[in-house]
Amino acid sequence: MSATRTPAVADPLVVPAGTTAADAVAAAGLPTTGPKAIVVVRDAAGRLRDLDWRPELDTDVAPVAIDEPDGLNVLRHSAAHVLAQAVQDVFPEAKLGIGPPIENGFYYDFDVPKPFQPEDLTKLEKRMQEIVKAGQTFRRREYKSLDEAKVELAGEPYKLELVDIKGDVDDTELATVGAGELTHYDNLDKEGKRVWGDLCRGPHLPTTRLIPAFKLMRSAAAYWRGSEKNPQLQRIYGTAWPSRDELKAYLNRLAEAERRDHRKLGTELDLFSFPDEIGSGLVVFHPKGGIIKREMEDYVRARHIEEGFQYVSSPHITKEGLFHTSGHLPYYKDTMFPPMQLEGADYYLKAMNCPMHNLIFRSRGRSYRELPLRFFEFGTVYRYEKSGVVHGLTRVRGLTQDDSHSYVTKEQAPAEIKHLLNFVRSLLDDFGLDDYYLELSTRDPKSDKFIGTDEQWAVATKVLEDVATESGLELVLDPGGAAFYGPKISVQAKDAIGRTWQMSTIQYDFNQPARFGLEFQAADGTRQEPVMIHSAKFGSIERFFGVLVEHYAGAFPAWLAPVQVVGIPIRDDHADYLTSFVEKLRAAGVRAEVDYSDDRMQKKIRTAQQQKIPFMAIAGDDDVAAGTVSFRYRDGSQRNGVSVDEAVAHVVEIVRSRTNVGPSAAA
RNA sequence: GCCGCCUUAGCUCAGUCGGCUAGAGCGACGCACUCGUAAUGCGUAGGUCGACGGUUCGAUUCCGUCAGGCGGCUCCA
């Protein structure tokens with residue numbers, strides 16, 4: 001970030017022919033232990049090499065420290081090997097799957113007769129500590145032939161499978177087998193005796209001693225090679241760091257994420273619940289959650305109207321024919337609630353709103369003069385998410401989209417998409433969400449899930465890509481992730497636990513207009529087909545709500561807070577004074593109340609603090625006499641003796657400004 | 001949907017190695033107190049121990065099925 005800071009680029013090293021990289025690292029005086037230890041080197045081709053690598057010619061390499069991204073991967077991959085060794089020590093019958101490094105840690109998959117129990121993890125962690133302390137060295141060994149590998153790996157059926165499919169594997173599996181040669185890493189004890197080994201591309205740490213801090217996090221099942229059709233293996237997740245402090249910091253981040261979890265805060269702040277009686281993934285918003293939801297809806301409705309959208313409305317159920325026309329049914333029948341049979345017709349709960357909007361478009365003749373024609377509604381849709389995937393507000397079975405469809409000419413499409421992207425960005429800004437990137441989902445040309453011609457897809461994808469690129473935002477490609485009817489740009493926002501959630505979407509659709517026979521009369525009198533652009537700004541109101549809760553850890557900005565001001569009388573007889581103050585606030589549209597409970601005022605402050613109310617207005621004898629109130633803000637700062645009129649104006653100003661910071665005495 | 005774990009009061013959690021009236025804190029309610037910046041004191045109510053079935057003289061406890069939750073996997077228009 002800072003322009004003055006010089007990046008710590010390690011000086012290049014030369015490894016003289018016939019010596020090891022470790023020798024060169026030592027000769028250069030670079031650290032070989034501790035949180036900055038050099039653990040591997042990168043050769044000119046960018047390939048990472050073990051420190052005991054011995055080039056045949058003098059070779060330039062760059063040292064890689066344990067705290068760099070590549071170094072962390074080496075650390076974590078080595079930790080995965082230590083885990084695998086520990087598992088096979090404790091459970092000799094365990095068969096090995098794969099064990100790659102991942103963000104913040106690593107995992108390893110095992111085929112074991114009995115799933116791991118939490119106590120097993122403790123046992124394994126202990127065994128891992130012993131292995132780390134034993135200072136085993138990792139030694140690379142190349143197999144001369146496939147057959148040699150197969151003989152040695154005869155007892156490891158999954159490894160054998162990897163050897164067989166070598167050359168046609170994804171990156172994760174490449175981490176295990178590698179491209180080109182087939183290699184194995186042995187763990188040697190102090191006497192040089194082989195104690196364990198694994199088919200692996202490497203590279204690895206020179207010794208297990210360089211794993212300073214790790215922890216096993218959880219075990220879970222995972223399908224072998226990621227396919228539902230394969231057997232499930234038992235996966236153990238761990239985390240590993242270059243120092244104990246970094247491990248601690250990571251665990252603290254997880255704890256903080258847990259504190260911000262919207263499911264927990266939703267209960268504590270009385271925002272929403274998921275009654276069992278209604279069903280999994282079906283939310284009810286309580287009054288306080290309802291206020292936030294309504295603020296969101298009011299905001300987005302007003303914004304849509306400002307942006308040229310017309311507010312429409314459509315029913316929750318429809319006869320199935322509509323979804324045949326749109327083309328959705330064959331694709332999404334499995335994830336829709338099953339139909340209701342009534343008077344000879346099948347009715348479905350809708351899982352999408354676009355077909356209904358198409359009918360509004362088609363309800364009369366349309367002229368080019370009407371385009372872009374923009375419809376918007378809060379469309380509540382129902383999707384039968386599989387039972388294992390339902391998750392708080394972020395993955396539900398009934399959700400409301402702020403769904404819009406823009407009908408435009410082909411020529412108008414780029415400008416409309418740009419318009420929508422700007423709309424979305426200003427909305428995210430207004431809600432204070434800043435951690436997001438764009439994703440471009442395109443079709444998989446090999447799949448038959450996608451309809452339309454190559455050219456149509458190419459045109460649509462190009463339009464989206466151009467707008468996305470022009471925006472200057474980080475753009476990630478998502479091949480194969482498009483809807484069957486067209487590509488999409490989505491905004492992926494990060495939640496407190498680092499998961500990314502799809503929020504806003506913009507989709508280019510050339511299929512549905514044709515399927516519905518949509519047309520408009522052009523300037524030259526011909527009838528032409530519009531393009532439709534689907535877009536949801538919040539995406540799902542429920543999901544956006546959930547992400548907001550986590551983003552603010554429940555401490556909503558004043559304009560969104562369910563209760564904006566609470567009056568706290570110091571004695572009961574100050575309550576009337578505060579009541580008249582609160583009435584003034586209410587008259588100005590502020591959500592304010594007085595805490596009339598018979599708690600002591602300290603307790604009332606504590607309660608307001610726990611409810612994360614932005615303004616506390618306290619009044620006692622002094623304030624009553626002076627015609628003032630004393631603010632205590634959510635951050636603990638305070639401002640005493642503010643005259644009533646000034647206090648009302650102050651709150652009103654902050655609420656109306658829709659600022660997402662504070663309030664605080666400092667501001 | 002798959003694998004594992006879990007489900008006791010509104011919330012957070014004890015507890016019962018199968019046996020008398022299942023406990024606590026917070027919250028709620030009541031009474032007393034009337035206090036200047038994060039918990040005043042006392043008291044009261046609140047649970048068919050997730051549901052159904054089985055084993056047993058006896059089940060909240062053991063077994064099974066289902067529902068719901070949690071962590072992953074797969075999926076996510």
Side-chain angles (χ1 to χ4, degrees), chain A residues 107 109 112 114-118 120 217-237 258 261 263-264 267-268 270 273-282 323 326-329 331-336 350-354 381 383-392 394-397 399 401 403 441 449-450 481-486 488 490 497 501-502 505 507 509 534 536 540 543 568-575 597-610 616 618-623 630-634 636-638 640:
Chain A
Y107 67 78
D109 288 342
V112 279
K114 271 180 63 176
F116 298 109
Q117 303 294 305
D120 295 334
M217 304 302 287
R218 62 176 64 91
S219 64
Y223 296 104
W224 168 237
R225 302 191 62 215
S227 169
E228 221 173 344
K229 294 184 186 81
N230 288 337
Q232 283 191 326
L233 303 181
Q234 294 302 315
R235 175 172 298 179
I236 294 178
Y237 285 92
E258 212 175 303
D261 191 317
R263 296 166 299 184
K264 191 173 141 83
T267 305
E268 284 174 11
D270 197 13
S273 61
F274 294 91
D276 289 357
E277 293 84 342
I278 297 178
S280 179
L282 298 167
F323 291 128
S326 70
H328 285 102
L329 203 54
Y331 290 91
Y332 303 115
K333 191 165 184 171
D334 289 348
T335 46
M336 290 171 73
K350 69 176 169 182
M352 60 291 297
N353 304 299
C354 30
V381 298
R383 298 173 181 180
Y384 197 80
E385 301 287 0
K386 288 198 276 185
S387 57
V389 308
V390 169
H391 178 100
T394 45
R395 196 80 182 268
V396 290
R397 284 178 171 167
L399 60 125
Q401 299 175 309
D403 204 0
S441 299
K449 173 188 153 188
F450 305 96
F484 71 90
Y485 50 72
K488 85 179 168 202
S490 58
I497 319 176
W501 294 102
Q502 177 180 299
T505 55
Q507 296 174 269
D509 184 352
H534 307 241
S540 143
R543 173 178 293 179
I568 298 182
I570 285 176
R571 270 198 326 269
D572 269 4
D573 50 310
H574 304 124
S597 70
D598 56 4
D599 291 325
R600 295 172 63 204
M601 70 79 103
Q602 285 87 343
K603 178 63 178 295
K604 292 182 184 184
I605 289 170
R606 179 180 153 86
T607 304
Q609 202 75 53
Q610 286 177 330
M616 289 173 231
I618 301 171
D621 290 337
D622 298 349
D623 286 301
S630 296
F631 281 113
R632 181 193 160 104
Y633 301 92
R634 190 162 52 195
S637 64
Q638 53 189 88
N640 293 342

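Just so it is clear, the model here is predicted, and its values are computed rather than measured. A note on names: the letters A, B, ... follow the listed sequences, proteins ahead of strands, and every chain is numbered from 1.
- Note that OG of A:Ser219 and CG of A:Asp109 are 11.5 Å apart. Values are rounded to the nearest 0.5 Å.
- Judged by atom type and distance alone, A:Thr505 does not reach the base of B:A77 through any side-chain donor-acceptor pair under 3.5 Å.
- The residue A:Gln507 sits close only to the backbone: its heavy atoms come under 4.0 Å of sugar-phosphate atoms, none of a base.
- Straight-line distance from the CD atom of A:Gln117 to the P atom of B:C70: 20 Å, rounded to whole Å.
- In terms of phosphate contacts, A:Arg634 brings no side-chain nitrogen or oxygen within less than 4.0 Å of OP1 or OP2 of B:A38.
- Checked by distance alone, A:Tyr384 brings no side-chain donor or acceptor within 3.5 Å of a matching partner on the base of B:G1.
- Base pairing analysis places B:C29 opposite B:G43; the two distances defining the Watson-Crick or G-U wobble pair are each below 3.5 Å.
- Checked against B:G71, B:A38, B:U37, the side chain of A:Ile618 finds its nearest nucleotide in B:U37.
- A:Asp572 comes within 4.0 angstrom of a nucleotide base, judged by non-hydrogen atoms across all strands.
- Across every strand in view, B:C70 sits in a pair with B:G4 that passes the Watson-Crick or G-U test at under 3.5 angstrom.
- Counting heavy atoms from C-beta outward, A:Ser540 and A:Arg395 have side chains that stay 4.5 Å or more apart.
- Rounded to the nearest Å, the gap between the C1' atom of B:C63 and that of B:G23 is 28 Å.
- Here A:Phe484 lies out of heavy-atom contact (under 4.0 Å) with every strand.
- Counting any heavy atom pair closer than 4.0 Å across all strands shown, A:Tyr331 reaches no nucleic acid atom.
- A 3.5 Å limit on both hydrogen-bonding distances identifies B:U65 as the Watson-Crick or G-U partner of B:A51.
- Note: CD (A:Gln638) to P (B:U37) measures 9 Å, nearest angstrom.
- Atom P of nucleotide B:G27 and atom CG of A:Asp598 are separated by 12 Å, given to the nearest angstrom.
- Interatomic distance, A:Met616 CE to A:Lys604 NZ, rounded to the nearest 0.5 Å: 13.0 Å.
- Closest approach of A:Ser630 to A:Asp623, counting heavy atoms only: OG-OD2, 3.1 Å.
- A distance of 12.0 Å separates OG in A:Ser280 from NE2 in A:His391, rounded to the nearest 0.5 Å.
- Under 3.5 Å, the side chain of A:Arg395 and the base of B:C75 form at least one donor-acceptor pair of N or O atoms.
- Counting distance only, with no hydrogens placed and no angle test, the side-chain atoms of A:Asp621 and the base atoms of B:G36 include no donor-acceptor pair under 3.5 Å.
- Comparing B:A38, B:A77, B:C35 by their nearest atom to the side chain of A:Met601 picks out B:C35.
- A:Tyr223 places no side-chain N or O within donor-acceptor distance of the main-chain N or O of A:Lys229, the cut-off being under 3.5 Å.
- Between B:A38 and A:Thr607, no contact under 4.0 Å exists linking OP1 or OP2 to a side-chain N or O.
- When the P atom of B:C3 is taken as reference, atom CZ of A:Phe116 falls 17 Å away, rounded to whole Å.
- In this structure, CD1 of A:Ile568 is placed 10 Å from P of B:A38, rounded to the nearest angstrom.
- Backbone-only contact: A:Ala222 has heavy atoms under 4.0 Å from sugar-phosphate atoms and none from a base.
- The 5' end of RNA chain B is approached more closely, in terms of each residue's nearest nucleotide, by A:Asp599 than by the other of A:Asp599 and A:His328.
- For A:Arg235, whose side chain is taken as the heavy atoms from C-beta onward, the closest listed nucleotide among B:C73, B:G36, B:A77 is B:C73.
- Checking B:G36, B:G4, B:G71 against the side-chain heavy atoms of A:Pro115 singles out B:G4 as nearest.
- Searching all strands for a Watson-Crick or G-U wobble partner of B:U12 with both distances below 3.5 Å returns B:A24.
- Remark: the A:Arg632 side chain and the B:A38 base include a donor-acceptor N/O pair separated by less than 3.5 Å.
- The nucleotide whose nearest atom lies closest to any side-chain atom of A:Asp573 is, among B:U34, B:C73, B:A77, B:U34.
- An OP1 or OP2 oxygen of B:G72 is reached within less than 4.0 angstrom by no side-chain nitrogen or oxygen of A:His391.
- Using a distance-only test at 3.5 Å, with no hydrogens or angles considered, a donor-acceptor pair links the side chain of A:Arg397 to the main chain of A:Glu385.
- Within the nucleic acid shown, A:Arg600 comes within 4.0 Å of at least one base atom, counting heavy atoms only.
- Under the Watson-Crick and G-U wobble criteria, each requiring two contacts below 3.5 Å, nucleotide B:C17 is left unpaired.
- Across the interface with RNA chain B, nearest-nucleotide mapping of A:Arg571 and A:Tyr332 shows A:Arg571 to be the residue nearer the 5′ end.
- For B:C35, there is no paired nucleotide, since no Watson-Crick or G-U wobble pair has both relevant distances below 3.5 Å.
- Side-chain N/O atoms of A:Gln232 and base N/O atoms of B:C2 include a donor-acceptor pair closer than 3.5 Å.
- For A:Phe450 and B:A77, the CZ to C1' distance is 11 Å, given to the nearest whole Å.
- Side-chain contact between A:Tyr332 and A:Phe323 is absent, with no heavy atoms from C-beta onward closer than 4.5 Å.
- A donor-acceptor contact shorter than 3.5 Å is absent between the side chain of A:Gln638 and the backbone of A:Tyr633.
- With both ends at atom C1', the span from B:U74 to B:U12 equals 33 Å, rounded to whole Å.
- Across all strands shown, B:U60 remains unpaired; no Watson-Crick or G-U wobble contact has both distances below 3.5 Å.
- Ranking B:C73, B:A77, B:U37 by closeness to the A:Thr335 side chain, first place goes to B:A77.
- One interatomic measurement links the two molecules: CZ of A:Arg606 to C1' of B:G25, which rounds to 12 Å at whole-angstrom precision.
- As judged by a 4.0 angstrom heavy-atom cut-off over every strand, A:Ser227 is placed among residues making no nucleic acid contact.
- A:Lys488 comes within 4.0 angstrom of sugar-phosphate atoms only, judged by non-hydrogen atoms across all strands, and of no base.
- Side-chain N/O atoms of A:Ser630 and base N/O atoms of B:G36 include a donor-acceptor pair closer than 3.5 Å.
- Rounded to whole Å, the C1' atom of B:U16 lies 10 Å from the corresponding atom of B:C49.
- In this structure, A:Tyr237 places its OH atom 4 Å from P of B:C73, rounding to the nearest Å.
- Not a single donor-acceptor contact under 3.5 angstrom links the side-chain atoms of A:Lys603 to the base of B:U40.
- Within the 4.0 angstrom heavy-atom criterion, base atoms lie near A:Ser387.
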